[in-house]
Structures are given as structure tokens and as C-alpha cells.
Amino acid sequence: MNTRIGQGFDVHAFGAGDHVILGGVRIAHTRGVLAHSDGDVALHALCDAMLGALALGDIGQHFPPSDPRWKDADSRAFLRHCDGLIRAQGWQVGNCDITVICEAPKIGPHAQAMRACIAADLGIDVDAVSVKATTSERLGFTGRGEGIAAQAVCLLVRA
């Protein structure tokens, strides 16, 4: 088999703060997120997609929230670690597609910076990284502004 596909999902509740980190990019916002690490739902979902494609478990197994080493950790380190795991098995990300689900903050103005950050960490072309957003039409916890979510898919190809 020369390709594998994985999908991931992550969610965090909003809490005190003045920014969120998404796709490795700091975005000003009226709230922060409640998380053990930096709470980057976009990168967490992508890490789960990468790990899932090779049946390597999930991000919680590799970076458990019970471990104090990961307190306030930069999720870009998680992404680079997951990339190292898949590359060690002879794979690399062929492309990935991430959807951030929230009413705010607006993702569009930051999507290109997020794509560039992710591409740099994975050592792939920026045109292999898609970042987009949707609202939940004011329905559910994201619609009520209680939190933020992201889903991701990635295709792995033989390196």
C-alpha cells in the first residue's frame, strides 16, 4: 500500500484569556481556551489524523494531559513529533485538510499564516495544506461561543 488516510477531531472550551493558538498562529480573541497544552485544536486534530493513518494511537496517548511535561506545551512540538513518527516508518504527509469550527475568531485572515506554519513544520509544500473554517450556525456549544473545535484529514504517502 502506498497511501494511508487518517482523520482527527479536537475540541476545547473557551476560558479566560486574550488569544487562541490555531495552526501554530497566535490569534487575538476575547477568550482563551481551557487546555493542558496551548489548546491548538487545529494541530491536535491534525496530529490525531496523522497518528490514525498508521494506527499509532491518538495524541492523548503520546502527550497525556496528566503528564506535567506537556503543561502549556507548544502544539507545534506535537506536530513535529508526529511527523517524526510517521517518517520513521517511511511515510510523509501528502496533503492535509483542516476545518476549524467556531463562530469567532474569524479564521480567514489567518489561514495563510496557519498553512505556512504547518507546511514548514511538516517539510511539505504549502499548497499541500488546506485550512478553512465554518460556523455551526449558532447551534451547539460552538454556536453559543462556549468553545472551538477542529477536524482534519490527511493523506500519507510513502516517503
Side-chain angles (χ1 to χ4, degrees), residues 1-13 17 19-29 32-102 105-134 142 147-159:
M1 185 180 315
N2 292 319
T3 59
R4 300 288 291 269
I5 191 166
Q7 65 88 30
F9 178 81
D10 193 48
V11 62
H12 284 288
H19 71 279
V20 295
I21 305 290
L22 292 170
V25 175
R26 182 184 171 112
I27 300 171
H29 187 49
V33 294
L34 301 175
H36 186 69
S37 67
D38 65 8
D40 188 330
V41 294
L43 293 188
H44 295 180
L46 179 55
C47 286
D48 268 347
M50 294 165 65
L51 294 168
L54 292 182
L56 296 175
D58 62 40
I59 194 171
Q61 290 173 286
H62 292 265
F63 307 100
S66 59
D67 189 332
R69 289 182 297 168
W70 311 125
K71 178 70 176 145
D72 300 322
D74 182 344
S75 293
R76 291 182 71 186
F78 299 171
L79 182 63
R80 291 187 296 266
H81 175 82
C82 292
D83 188 51
L85 290 175
I86 66 169
R87 286 183 184 270
Q89 292 194 25
W91 298 87
Q92 70 179 43
V93 172
N95 75 296
C96 60
D97 184 20
I98 303 165
T99 304
V100 179
I101 306 159
C102 61
K106 296 296 182 198
I107 304 306
H110 309 282
Q112 294 305 326
M114 294 165 63
R115 292 177 64 214
C117 186
I118 293 165
D121 283 345
L122 296 178
I124 61 176
D125 292 336
V126 73
D127 68 355
V129 178
S130 171
V131 174
K132 57 193 184 302
T134 190
T142 58
I148 189 167
Q151 57 188 22
V153 294
C154 79
L155 179 72
L156 300 185
V157 296
R158 285 283 181 193

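- Considering every non-hydrogen atom in both Pro64 and Trp70, the closest pair reads O-CD1, 3.4 Å.
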*Can Asp127 and Arg115 be said to form a salt bridge (charged side-chain N to carboxylate O under 4.0 Å, His left out), step by step?*
CA-CA 8 Å; Asp127 68 355; Arg115 292 177 64 214; over 6 Å; no
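- With ring centers used as reference points, Phe63 lies 6.0 Å or more from His36.
- Remark: Thr142 engages Ile101, Ser136, Ala149 in a side-chain contact (heavy atoms from CB on, under 4.5 Å) (not counting sequence neighbours).
- Residue Lys106 qualifies as open at atom NZ: its count of foreign heavy atoms under 6.0 Å is 12 or below.
- The main-chain N or O of Ser75 is found under 3.5 Å from a side-chain atom of Asp38 such that the two form a donor-acceptor pair.
- Residues Gly24 and Asp40 come closest through the heavy atom pair N-OD2, 2.8 Å.
- Shown here for Val126 and Ala116, the closest heavy-atom pair between the two residues is CG2-N, 3.8 Å.
- Counting heavy atoms from C-beta on, the side chains of Leu22 and Val41 come closer than 4.5 Å.
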Please output the side-chain donor-acceptor pairs of residues 48-60 that fall under 3.5 Å, not counting sequence neighbours, one pair per line with the distance.
from, atom 1, to, atom 2, distance (Å)
Asp48, OD1, Ile59, N, 2.6
Asp58, OD1, Gly60, N, 2.9
Asp58, OD1, Gln61, N, 3.0

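- Asp74 has no carboxylate O lying under 4.0 Å from a charged side-chain N of Arg76, or vice versa, which leaves the two without a salt bridge.
- Pairs of residues two or more places apart, or lying in two chains, that qualify as salt bridge (charged side-chain N to carboxylate O under 4.0 Å, His left out) and include a residue from residues 77-86 are Arg80-Asp121, Asp83-Arg87.
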